[in-house]
Amino acid sequence: MATATASATTDERAMVELQREHGPALFSFLLGLTYGDQQRAEDLLQETLVRAWQHPEAFEGPYESMRPWLFTVGRRLAIDARRSRLARPTEIGDGVLATTPDPADVTEAAVAALDVRAAVESLTPEHRAVLVQIYFHGLSVNEAAETLGIPAGTVKSRSYYALRALARCLPGYARPRARAGAGAGRR
């Protein structure tokens with residue numbers, strides 16, 4: 001490449017030559033940095049070339065090629081762009097907003113409370129008593145065992161089976177199940 005001078009950086013022909021000689025390699029490099037996002041790589045390529053146009057002193061450096069300077073500028077721009085994207089909250093689509101309940105709407109909470117109440121009432125008195133002590137009164141397993149006059153192991157067992165029964169009664173509220181085979185053999 002012919003060495004460009006400070007006055008040539010604003011010259012359209014010098015920029016065309018720079019892009020022709022280094023553009024494809026720089027684009028390929030930026031494509032890798034953007035994990036194959038062609039639009040982002042093109043934007044970074046354009047911004048890198050704008051920086052080269054804005055900094056004529058880079059053309060006067062002691063190096064034989066502008067490629068290392070261009071790659072450094074492109075890499076730094078890619079890092080800055082990624083940090084900028086990560087600093088912003090994730091955008092969500094209208095579909096998510098349409099299905100998300102309004103926090104000010106007490107109807108959803110009331111319906112859920114009625115569903116939970118009916119499900120808890122369907123439990124055996126022993127199971128219900130354990131859940132009331134642990135989840136509604138906030139007692140630990142040992143405190144619930146002492147209050148109910150039963151061993152701590154029985155409290156754990158009853159709470160486990162009571163929660164399983166609730167999951168069957170409240171299918172829309174259940175947690176996702178573990179992978180098949182996980183914990184097999186433990187009962």
Side chain to side chain contact (heavy atoms under 4.5 Å, CB included) partners of Arg20, counting only residues at least two apart
Glu17

How long is the gap from CD on Gln133 to OG on Ser140, to the nearest 0.5 Å?
10.5 Å

Could you tell me which non-hydrogen atom of Met15 sits nearest to which non-hydrogen atom of Ala52, and how far apart they are?
CE-CB, 4.4 Å

Is the shortest heavy-atom distance from the side chain of Ile150 to the side chain of Arg158 under 4.5 Å?
yes

For residues 72-84, which side-chain N or O atoms pair as donor and acceptor with protein atoms under 3.5 Å away, sequence neighbours left out?
| from | atom 1 | to | atom 2 | distance (Å) |
| --- | --- | --- | --- | --- |
| Thr72 | OG1 | Pro68 | O | 2.9 |

Under 3.5 Å donor-acceptor, Ser122 side chain and Ala119 backbone
yes

Counting heavy atoms not belonging to Glu42, are there more than 12 under 6.0 Å from its CD?
yes

Is there a path of hydrophobic side-chain contacts, each under 4.5 Å between heavy atoms of I, L, V, M, F, W or Y residues, that connects Leu31 with Leu33?
yes

Taking everything shown except Gln46 itself, do over 12 heavy atoms lie less than 6.0 Å from its CD?
no

Pair Leu30, Leu44 - check side chain to side chain contact (heavy atoms under 4.5 Å, CB included), show working.
CA-CA 7 Å; Leu30 294 171; Leu44 290 169; 3.8 Å; yes

Grouping I, L, V, M, F, W and Y whenever their side-chain heavy atoms are under 4.5 Å apart, do Tyr135 and Leu166 come out in a common cluster?
yes

If you look at every heavy atom in Ile134 and Ser159, which pair is closest and at what distance?
CD1-CB, 4.1 Å

Any donor and acceptor pair, going by atom type alone, linking the side chain of Arg40 with main-chain N or O of Thr34 inside 3.5 Å?
no

With a 4.5 Å cut-off on side-chain heavy-atom distances among I, L, V, M, F, W and Y, is there a chain of contacts connecting Leu18 to Trp69?
yes

Grab the two heavy atoms, one from Ala165 and one from Leu123, that are nearest each other, plus how far apart they are.
CB-CD2, 3.6 Å

Any chance the side chains of Asn142 and Glu146 put a donor and an acceptor closer than 3.5 Å?
no

Would you call Gln38 and Phe27 a side-chain contact if the rule is heavy atoms closer than 4.5 Å?
yes

Answer yes or no: is there a side-chain heavy-atom contact under 4.5 Å between Val155 and Val130?
yes

Taking atom CZ of Arg117 as the centre, does the number of heavy atoms from other residues, nucleotides or ligands within less than 6.0 Å exceed 12?
no

Chi angles and distances behind the side-chain hydrogen bond (donor to acceptor under 3.5 Å, both in side chains) call for His22, Arg67:
CA-CA 6 Å; His22 302 293; Arg67 190 170 286 192; 3.2 Å; yes

Check Asp115 against Leu170 and note the closest heavy-atom contact, atom names and distance.
O-CD2, 3.6 Å

So, taking the atom named CG in Leu163 and the one named CZ in Arg168, what distance separates them when rounded to the nearest 0.5 Å?
11.0 Å

Reported CE-to-CG distance for the pair Met66 and Leu26, which is rounded to 0.5 angstrom
10.5 Å

Would you please name every residue forming a ring-ring contact (aromatic ring centres under 6.0 Å, His included) with Phe71, sequence neighbours left out?
Phe29

Atom CG in Leu70, atom CD in Glu21: separation rounded to 0.5 Å?
10.0 Å

